[in-house]
Amino acid sequence: MRGSLKTAGTAALAALALCASQPAAQARDGIGVGGAAALGVLGGVVAGTAIASANNRPVYAAPPPAYVEEVCHFERRDFIDPYGVEHIRRVRVCE
């Protein structure tokens, strides 16, 4: 905000200085050297302000948090112990 006001003030001051010291108007040469310079400076300031205002985002933006939902379920698995007895166990399986 402060930078754009400073730029606009500088542009207005430059345009006023260039327009205040113009020589007498001459119909044969168009707008003259001073007018062409003033228009060039004013156009550059306008283009620079437009470019500067287009880049108003922060330099670093943290990425949005990504939550990965873990899909889990229970399965029954049987096993035989060293004594030959069959057991059934509930096991949580996540994919």
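One-based numbering along the sequence shown. What's counted below: heavy atoms across the whole structure, side chains too, no hydrogens, waters or symmetry copies. Predicted model only: the values in this text are computed from it and were never measured.
Counting all heavy atoms, side chain and backbone alike, His87 lies closest to Asp81 at NE2-OD2, 3.1 Å.
Here Asp78 contributes atom CG and Arg89 contributes atom CZ; the two are 11.0 Å apart, rounded to the nearest 0.5 Å. Arg92 contributes atom CZ, which lies 11.0 Å from atom NE2 of His73 (distance to the nearest 0.5 angstrom).
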